[in-house]
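By convention in this document, chain letters (A, B, ...) are assigned in the order of the sequence lines, proteins followed by strands, and residues within each chain are numbered from 1.
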Amino acid sequence: MVPVSHVLALSVILFGLGAAGFIVRRNIITIFMCIELMLNAVNLAFIAFSRYLGNLDGQIFVFFVIVVAAAEAAVGLAIIIAVQRNRQTLSIDDLDSMKM
Amino acid sequence: MVAPLFYIFAGLAIAAGLSVVLQRTPVYSALSLILVLCSLAVIYLLLGAEFLAVVQVIVYAGAIMVLFVFVIMLLNARAETPTDRSRFARWLGLPLLAAFLGEVLFVVLAHFADTPLSSGEAFDGGPRAVGELLFRNYVLPFEVTSILILVAIMGAVVLAKKQL
């Protein structure tokens, strides 16, 4: 049987990849996908602990995270479409009008 | 049988995750992300979360990623070009991130070193068990979530209108 530490390590690695992509990438859609990757890493940790503790509550939490991610994707992609329509760009370097 | 499958799909998830971050073209990132989500669904199955494994494939790999690919195609997103600011973020942000996550990884590996995942008794993560818990103990959050989705639908329609 797999030890808990290995599942949690996979979760940490995936979260790190998502966060690294969030920092490195410049395309707003790719950054959004990196956020989804981080959400999935957290879901994996929830399910690993749910199994480890023999408690289903963690899985309910994952269910809600998936629902919120779906809502977030719908609104976020609508915002991206509006940004592209008004600014004709997808690079976050060009979207700095709220910067001092 | 569970352990080899877990390591195969964990490796696949990490490789595809690397591909999500390293690809310059958004479509390739999206396709790699679908691979990550599907291998995570297999791992959920191995961890006894049958219902969530199916939800992961249907909702995440199905609905959400179709939306992503659709928007990428609609906006005709091309490969990005590196800029000065992205280099700055790379040299400052990545070492800090690596240090922080290395620390978390160390704590996880030290604290749960050889703890087995389950004590051996049966664990039911099927639709019946999850559904009973969801509609018995978590009815109110479930209903509030439906309002959240309604608001998200209306928000998406308003935001994607011709004139904002």
Side-chain angles (χ1 to χ4, degrees), chain A residues 1-10 12-21 23-27 29-30 32-34 36-37 40 43-44 47-48 50-52 54 56-57 59-60 62-64 66-75 77-82 84-86 90-91 93, chain B residues 2-3 6 10 13-14 17-18 20-21 26 29-30 33 36-37 40 44 47-49 52 55 59-60 64 67-68 71-72 75 77 80 83 85-86 89-90 93-94 97 101 104-105 108-109 112-118 123 125 129-130 133-134 138 141 145 148-149 152 155-156 159-160 164:
Chain A
M1 197 66 199
V2 187
V4 190
S5 57
H6 290 186
V7 186
L8 294 178
L10 174 63
V12 172
I13 291 169
L14 284 179
F15 189 90
L17 282 173
I23 293 173
V24 171
R25 294 275 74 125
R26 298 287 99 185
N27 188 309
I29 298 178
T30 317
F32 206 36
M33 285 193 282
C34 289
E36 300 288 329
L37 191 58
N40 269 280
N43 282 352
L44 180 63
I47 288 183
S50 154
R51 173 73 173 176
Y52 171 57
L56 268 181
D57 289 336
Q59 297 199 9
I60 302 288
V62 173
F63 179 77
F64 284 122
I66 291 177
V67 170
V68 171
E72 175 220 325
V75 176
L77 288 170
I79 291 175
I80 290 174
I81 290 176
Q84 160 82 12
R85 185 172 289 143
N86 291 324
L90 286 174
S91 169
D93 285 334
Chain B
V2 167
F6 172 79
I14 292 173
L18 268 175
V20 171
V21 175
S29 286
L33 187 55
V36 176
L37 298 174
L40 278 181
Y44 290 176
L47 294 179
L52 285 175
V55 167
V59 176
Y60 246 122
I64 297 182
L67 200 61
F68 268 94
V71 169
I72 291 171
L75 299 183
E80 63 182 65
T83 56
R85 263 182 267 187
S86 71
R90 196 170 297 177
L94 287 188
L97 181 72
L101 288 171
V104 176
L105 205 59
V108 160
L109 289 176
F112 294 101
D114 287 319
T115 324
L117 199 51
S118 66
F123 180 76
V130 176
L133 192 61
L134 190 61
Y138 294 94
T145 308
L148 174 79
I149 294 202
L159 281 171
L164 191 62

Contact part of [X] toward chain B, heavy-atom cut-off under 4.5 Å: side chain, backbone, both or neither?
{"X": "A:Leu14", "result": "side chain"}
{"X": "A:Leu10", "result": "side chain"}
{"X": "A:Leu90", "result": "side chain"}
{"X": "A:Phe64", "result": "side chain"}
{"X": "A:Ile29", "result": "both"}
{"X": "A:Thr30", "result": "side chain"}
{"X": "A:Gln84", "result": "side chain"}

Does any heavy atom of chain A fall under 4.5 Å from the side chain of [X], the backbone, both, or neither of them?
{"X": "B:Leu40", "answer": "side chain"}
{"X": "B:Leu97", "answer": "side chain"}
{"X": "B:Val59", "answer": "side chain"}
{"X": "B:Leu33", "answer": "side chain"}
{"X": "B:Val130", "answer": "both"}

Backbone N or O of B:Leu109 within a donor-acceptor pair of the A:Ser5 side chain at under 3.5 Å?
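Such a contact is absent between A:Ser5 side chain and B:Leu109 backbone.
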
Pair B:Tyr138 and A:Phe63, ring centroids less than 6.0 Å apart
no

Would you please name every residue forming a side chain to side chain donor-acceptor pair (under 3.5 Å) with B:Tyr60, sequence neighbours left out?
A:Glu36

Is there a side-chain contact between B:Phe6 and B:Leu47 (heavy atoms, below 4.5 Å)?
no

Name the option with the most non-hydrogen atom pairs under 4.5 Å to chain A; the candidates are B:Gly48, B:Gly155, B:Ala30.
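Winner by heavy-atom pair count: B:Ala30.
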
